[in-house]
Participant: 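Can you keep this structure in mind? I'll have questions shortly.
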Amino acid sequence: MAQKDKAVAGLTKGIEGLFKKNKVTYVKGFGKLASPSEVSVDLIDGGSTVVKGKNIIIATGSDVKSLPGITIDEKKVVSSTGALCLSEIPKKLVVIGAGYIGLEMGSVWNRLGSEVTVVEFAPDIVPSMDGEVRKQFQRMLEKQKFKFMLKTKVVGCDTSGDGVKLTLEPAAGGDQTILEADVVLVSAGRTPFTSGIGLETIGVETDKAGRILVDKRFMTNVKGVYAIGDAIPGPMLAHKAEEDGVACVEFIAGKEGHVDYDTVPGVVYTHPEVASVGKTEEQVKALGIAYRVGKFPLLANSRAKAIDDAEGLVKVVAEKETDKILGVHIMAPNAGEIIHEAVLALQYGASSEDVARTCHAHPTVSEALKEACLQTFSKAIHI
């Protein structure tokens, strides 16, 4: 916890330092749109001010999606924010929602000694993941003593005693059961933080989910008002928001901006990590594209064996006729680092043979990607 607090303090101070270096005025408070060129701010230190500008970018991000009947107090019933600030390791942790964040937080506390049970309404964990990788991932988490209750919904939450008592029932309806926990993490997704910021005051349009609607230049229906990141449609990822921000400012400056949403990588920061970019096998199949799949198990990778961390695989999906890589899915230690080679390959329209014929240092876990590409267009050497 001390290390986490130190890292957060250092990183946020670093951003403040960049503000100073680039002559950015930093106003601390809650802002609301007063007009298409004015933001009124209730200052943290009291009082208020109005900030004026020719262009306004809304980058308010997202908030935790709440569940009916469950009140988050950030002590016994926590969001991902509270899950990062627990004062002691909970003996029993229940995670509601088997998406990226729930599994990441569950993985952290599981490794620190908590008994973790994940309750998920859907029939699968991480629905956006490639099906084959997802099955291996779930098996691996179960090996780490994760318990999964899929097709299950939470209908009640009692915090009156020492711990928390959750009332569960099957998603399709049926008999209710009680599940007890010391701490419950609500991780049922995120929702755009767009209410209470004055959108209706100036007439900015949103969709039913509260996402701000923008054009290809990130401008809303109100001239001079732009929006980026989790506040607009698209994957709710920090690195996607960063790309949005850069492209948006480039457009405002009269230059060209571009974000390729087909090559935004996704990483689940569990152990091992799961990283992916491009299309899953299911998506390629649904599009009716003839394809090839190449896989390589980490058990056959010397670095993974040497560090005694050889659970996982690399899976490559490529177009059959052209051998163009369509998707890469990795479950491995540091998969989030290895994935960028695949992102670059997709960005440049590389074939699996291109990657397979590129020299990879030995011993590295990255060699598993080379071997999976070899297996896609021809045959891997080490299996």
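Just so it is clear, the structure is predicted and the values come from calculations on it, not from any experiment.
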Participant: Decide yes or no for Leu199 and Thr194: does some side-chain heavy atom of the first lie under 4.5 Å from some side-chain heavy atom of the second?
Facilitator: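 SC-SC contact between Leu199 and Thr194 confirmed.
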Participant: Taking the six-membered ring where the residue is Trp, are the ring centres of Tyr226 and Phe218 under 6.0 Å apart?
Facilitator: no
Participant: If you define the side chain from C-beta out and look only at heavy atoms, does anything of Glu273 sit under 4.5 Å from Met331?
Facilitator: no
Participant: Residues in salt bridge (Lys or Arg N to Asp or Glu O under 4.0 Å) with Arg134, at least two apart?
Facilitator: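 Checked Arg134 against salt bridge (Lys or Arg N to Asp or Glu O under 4.0 Å); matches are Asp124.
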Participant: Would you list the pairs meeting side chain to side chain donor-acceptor pair (under 3.5 Å) in which at least one residue belongs to residues 232-255, sequence neighbours left out?
Facilitator: Lys240-Asp244, Asp244-Tyr261
Participant: Output, in order, the C-alpha distance, side-chain angles, deciding distance and verdict of side chain to side chain contact (heavy atoms under 4.5 Å, CB included) for Ser80 and Arg190.
Facilitator: CA-CA 10 Å; Ser80 53; Arg190 298 186 68 82; 4.0 Å; yes
Participant: Could you check Val78, Leu179, Val94 and say which one makes a side-chain contact (heavy atoms from CB on, under 4.5 Å) with Val184?
Facilitator: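 It is Val94, the one option of Val78, Leu179, Val94 that forms the side-chain contact (heavy atoms from CB on, under 4.5 Å) with Val184.
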Participant: In chain order, what residues pass the ring-ring contact (aromatic ring centres under 6.0 Å, His included) check against Tyr348, with sequence neighbours excluded?
Facilitator: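 So Tyr348 forms no ring-ring contact (aromatic ring centres under 6.0 Å, His included) with any residue.
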Participant: By ring-ring contact (aromatic ring centres under 6.0 Å, His included), which residues pair with Phe30, not counting sequence neighbours?
Facilitator: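 Partners of Phe30 by the ring-ring contact (aromatic ring centres under 6.0 Å, His included) criterion come out as none, since no residue qualifies.
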Participant: Between Cys248 and Ile228, what is the shortest heavy-atom contact and its length?
Facilitator: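 Nearest pair, atom of Cys248 first, then Ile228: CB-CG2, 3.8 Å.
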Participant: Give the minimum heavy-atom separation between Pro363 and Ser302, together with the two atoms involved.
Facilitator: CB-OG, 3.7 Å
Participant: Is Lys4 atom NZ crowded by more than 12 heavy atoms from other residues, nucleotides or ligands, each under 6.0 Å away?
Facilitator: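 Enclosed: over 12 neighbouring heavy atoms sit under 6.0 Å from NZ of Lys4.
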Participant: So, do Phe251 and Lys216 sit near enough that their side-chain heavy atoms are less than 4.5 Å apart?
Facilitator: no
Participant: Do the side chains of Val268 and Met236 join up, straight or via other hydrophobic residues, at under 4.5 Å, putting them in one cluster?
Facilitator: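 Val268 does not cluster with Met236.
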Participant: The test is side chain to side chain contact (heavy atoms under 4.5 Å, CB included); show your working for Leu86 and Trp109 and say whether it passes.
Facilitator: CA-CA 10 Å; Leu86 298 178; Trp109 291 106; 3.7 Å; yes
Participant: Same hydrophobic cluster for Val316 and Ile339, using side-chain heavy-atom links shorter than 4.5 Å among ILVMFWY?
Facilitator: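 As far as the 4.5 Å side-chain criterion goes, Ile339 and Val316 are connected within one cluster.
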Participant: Could you check whether Glu104 and Ser107, counting side-chain N and O atoms only, form a donor-acceptor pair closer than 3.5 Å?
Facilitator: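 No, because no side-chain N or O of Ser107 sits under 3.5 Å from a partner of the opposite role on Glu104.
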Participant: Would you say the side-chain atoms of Ser352 and Asp323 include a donor-acceptor pair closer than 3.5 Å?
Facilitator: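 Yes, a side-chain donor-acceptor pair sits under 3.5 Å.
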Participant: Quick one: list whatever passes salt bridge (Lys or Arg N to Asp or Glu O under 4.0 Å) with Glu180, sequence neighbours left out.
Facilitator: none
Participant: Considering only residues two or more places apart or on different chains, which pairs with a residue in residues 129-184 satisfy ring pair (Phe, Tyr, Trp, His ring centres under 6.0 Å)?
Facilitator: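 The answer is Phe146-Phe148.
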Participant: A side-chain contact here means heavy atoms from C-beta on lying under 4.5 Å apart; do Gln347 and Asp260 qualify?
Facilitator: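 They are in contact (side-chain heavy atoms under 4.5 Å apart), so the answer is yes.
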Participant: If you take all heavy atoms of Leu67 and Ala188, which pair is closest and at what distance?
Facilitator: CD2-CB, 3.9 Å
Participant: Judged by modelled atom types alone, do Thr152 and Glu120 share a side-chain donor-acceptor pair under 3.5 Å?
Facilitator: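 No donor-acceptor contact under 3.5 Å links the two side chains.
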Participant: Going through the distances and angles, do Ser276 and Met129 end up as a side chain to side chain contact (heavy atoms under 4.5 Å, CB included)?
Facilitator: CA-CA 8 Å; Ser276 63; Met129 199 179 276; 6.0 Å; no
Participant: Is there a chain of hydrophobic side chains (I, L, V, M, F, W, Y, each step under 4.5 Å between heavy atoms) that links Val133 to Val118?
Facilitator: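 Yes, Val133 and Val118 fall within the same hydrophobic cluster.
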Participant: Is Phe193 linked to Ile57 within one hydrophobic cluster, defined over Ile, Leu, Val, Met, Phe, Trp and Tyr using a side-chain heavy-atom separation of less than 4.5 Å?
Facilitator: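 Yes, because Phe193 and Ile57 connect within a single hydrophobic cluster, where side-chain heavy atoms sit under 4.5 Å apart.
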Participant: What's the shortest heavy-atom distance between Ala122 and Leu150, and which atoms?
Facilitator: O-CB, 3.8 Å
Participant: Regarding Ser62 and Asp230, is there a side-chain donor-to-acceptor distance under 3.5 Å anywhere?
Facilitator: yes
Participant: Check the pair Glu132 / Lys295 against salt bridge (charged side-chain N to carboxylate O under 4.0 Å, His left out), numbers first and verdict last.
Facilitator: CA-CA 11 Å; Glu132 185 178 10; Lys295 289 175 281 194; 2.7 Å; yes
Participant: Does a side chain donor of either His360 or Glu341 reach within less than 3.5 Å of an acceptor in the other side chain?
Facilitator: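 A pair is found: one side chain offers a donor N or O, the other an acceptor, under 3.5 Å apart.
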Participant: Considering all heavy atoms of both residues, which atom of Ile72 and which atom of Ser79 are nearest to each other, and what is their separation?
Facilitator: CG2-N, 3.8 Å
Participant: Tell me if the CG atom of Asp73 is crowded by more than 12 foreign heavy atoms within 6.0 Å.
Facilitator: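 Yes - once you tally the heavy atoms of other residues, nucleotides and ligands closer than 6.0 Å, there are more than 12.
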Participant: Can a donor-acceptor pair be found between the side chains of Gln138 and Glu142 at a distance below 3.5 Å?
Facilitator: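 The criterion, which ignores hydrogens and geometry beyond distance, is satisfied for Glu142 and Gln138.
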Participant: Between Asp45 and Lys28, is the closest basic N to carboxylate O distance under 4.0 Å?
Facilitator: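 Salt bridge: no.
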Participant: With a 4.0 Å cut-off on N to O distance, would you call Glu281 and Lys315 a salt bridge?
Facilitator: yes
Participant: Salt bridge or not between Lys52 and Glu38? Use side-chain N to carboxylate O under 4.0 Å.
Facilitator: yes
Participant: With the 4.5 Å side-chain cut-off for hydrophobic clustering, are Ile56 and Val214 part of the same group?
Facilitator: yes
Participant: Between Glu115 and Lys145, does any NZ, NE, NH1 or NH2 come within less than 4.0 Å of an OD or OE carboxylate oxygen?
Facilitator: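 So Lys145 does not pair with Glu115 through a salt bridge.
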Participant: Carefully, step by step, assess Val317 and Ile325 under the rule side chain to side chain contact (heavy atoms under 4.5 Å, CB included).
Facilitator: CA-CA 6 Å; Val317 184; Ile325 299 173; over 6 Å; no
Participant: Are the side chains of Leu185 and Ile96 in touch, meaning some heavy atoms are under 4.5 Å apart?
Facilitator: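 No, every pair of side-chain atoms sits at 4.5 Å or beyond.
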Participant: For Glu371 and His382, which I'm curious about, is there any donor-acceptor pair between the side chains at under 3.5 Å?
Facilitator: yes
Participant: For residues Thr167 and Gln176, is any side-chain donor paired with an opposing acceptor at under 3.5 Å?
Facilitator: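 On atom types as modelled, these side chains do not qualify, holding no pair under 3.5 Å.
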